[in-house]
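Atoms within each ligand, like the ligands themselves, are counted from 1 in listed order.
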Amino acid sequence: MAVALFDTTTPLAPLRQQIIERLTAVVNGGRYVLGPEVQGFEREFAQYLGVVHVVGVANGTDALTIALRAAGVGPGDEVVVPSFTFYASAEAIIPTGATPVFCDVDEETANVTAETVSAALTPRTKAVVAVDLFGNPAPIAEIRERTGLPVIEDAAQAAGARVAGRHAGSLGTVATFSFFPSKNLPCFGDGGAIATDDSQIADRARVLRSHGSRDKTIFEHVGYNSRLDELQAAVLRVLLPYLDEWAAGRRAAAANYEAAGLGEHVTLPASGPGNEPAWHLYVVRHPDAEHLCSALERAGVEARGYYRTPVHRQPAMARWGAGVELPATEQLARTNLAIPMSPVLTSEQAREVISAIAGALASMHATPAGSASASPPSGG
Ligand SMILES: *Cc1c(COP(=O)(O)O)cnc(C)c1O
């Protein structure tokens, strides 16, 4: 039986009717932009995260740009950002007028650390974007303490994760979320949010998301048209109460992988001390990840290497990435492999994935990687 990389439908199936009822109510109510659903979601998500303010925006990329500007980042500033992340973490810096400065990550956790960030600091550094990569919180308290700079926590992949009881998204000076359908807390399209305890940052973010205006009459800033829709907020309000259960399901799936011996075949992802990750992706490492990936696909197990071309080597980032050397990033870009993960991955599926990995590795060892005479998949 095939195992997919994600399962975004099974967890939502029991909630279908409830979602449709709430969507119908929004359609009938006639308020579609910045109405009671967005207000309600902002209040409920702030309460969940344990922060004072949540500001709903159109997507996770806008959330970053607006959060950076609200935290005071502008032209002439530098912002430190990892290169081993989704492209948008760095892309979102450019519209602020600031310069992205790429930093390395720790090879075991794939996250930035106080050391990798410190190595990229200059007198012009205004802020740090720290990504909770794959749903595993970065050591944000340590980075804030060591650098004394505002830290923008990119929690797009980490809804439901915690560190020592505190939620991912409450760790940075300001944090950002994406509710893209594949993320841990999904909506039915694009959506995003900014979370912060800082009233000034929240206030600026609210103004920036609405064309830089408080009253649609006086425009204080060149802002954005970037609001979370009422329809999406209505969906999110139905799903939020299940986020913790889903995050626990992801951790249980990771525990099943570990208990069933996955670590004997590949290197398991490491999480920091006190971390309760909400594995958005379960990303293992192997020296021959690409061959393993192809062999798994042939065995019906979906697998994918992430960020094979890290952000600093993307063509659009050439101006800022040229000449930058990030050894751990390069190593991870080659060796990482995401294997199936979801809140409902069963222990049977975990065992099936592991036996497919064991089988794939055995056949790869029998026929050296890159060998022209590799045997057909049925030959093992
Ligand atoms: C998905 C993602 C984003 C962007 O979110 P969108 O809602 O797709 O704009 C930003 N950063 C990270 C780490 C992400 O995974």
Colleague: Show me a pair-per-line table, with atom names and distances to 0.1 Å, of protein N or O atoms that are under 3.5 Å from an N or O of ligand 1.
Modeller:
unit_1: ligand 1; atom_1: 5 (O); unit_2: S178; atom_2: OG; d: 3.3
unit_1: ligand 1; atom_1: 7 (O); unit_2: G60; atom_2: N; d: 2.8
unit_1: ligand 1; atom_1: 7 (O); unit_2: S178; atom_2: OG; d: 2.6
unit_1: ligand 1; atom_1: 9 (O); unit_2: G60; atom_2: N; d: 3.3
unit_1: ligand 1; atom_1: 9 (O); unit_2: T61; atom_2: N; d: 2.9
unit_1: ligand 1; atom_1: 9 (O); unit_2: T61; atom_2: OG1; d: 2.5
unit_1: ligand 1; atom_1: 11 (N); unit_2: D154; atom_2: OD1; d: 3.3
unit_1: ligand 1; atom_1: 11 (N); unit_2: D154; atom_2: OD2; d: 2.8
unit_1: ligand 1; atom_1: 15 (O); unit_2: Q157; atom_2: NE2; d: 2.9
unit_1: ligand 1; atom_1: 15 (O); unit_2: K183; atom_2: NZ; d: 2.9

Colleague: Side chains of D154 and S89 only: does a donor on one sit below 3.5 Å from an acceptor on the other?
Modeller: yes
Colleague: Go through the structure and list residues passing ring pair (Phe, Tyr, Trp, His ring centres under 6.0 Å) with Y257, not counting sequence neighbours.
Modeller: Y282
Colleague: Mind checking what makes side chain to side chain contact (heavy atoms under 4.5 Å, CB included) contact with E276, not counting sequence neighbours?
Modeller: R162, R251
Colleague: I'd like to know whether CD of Q47 has more than 12 heavy-atom contacts from other residues, nucleotides or ligands below 6.0 angstrom.
Modeller: no
Colleague: Applying the salt bridge (Lys or Arg N to Asp or Glu O under 4.0 Å) test to R237, which of E42, E44, E230 qualifies?
Modeller: E44
Colleague: How would you list all residue pairs meeting ring pair (Phe, Tyr, Trp, His ring centres under 6.0 Å) that involve residues 72-105, not counting sequence neighbours?
Modeller: F84-Y307
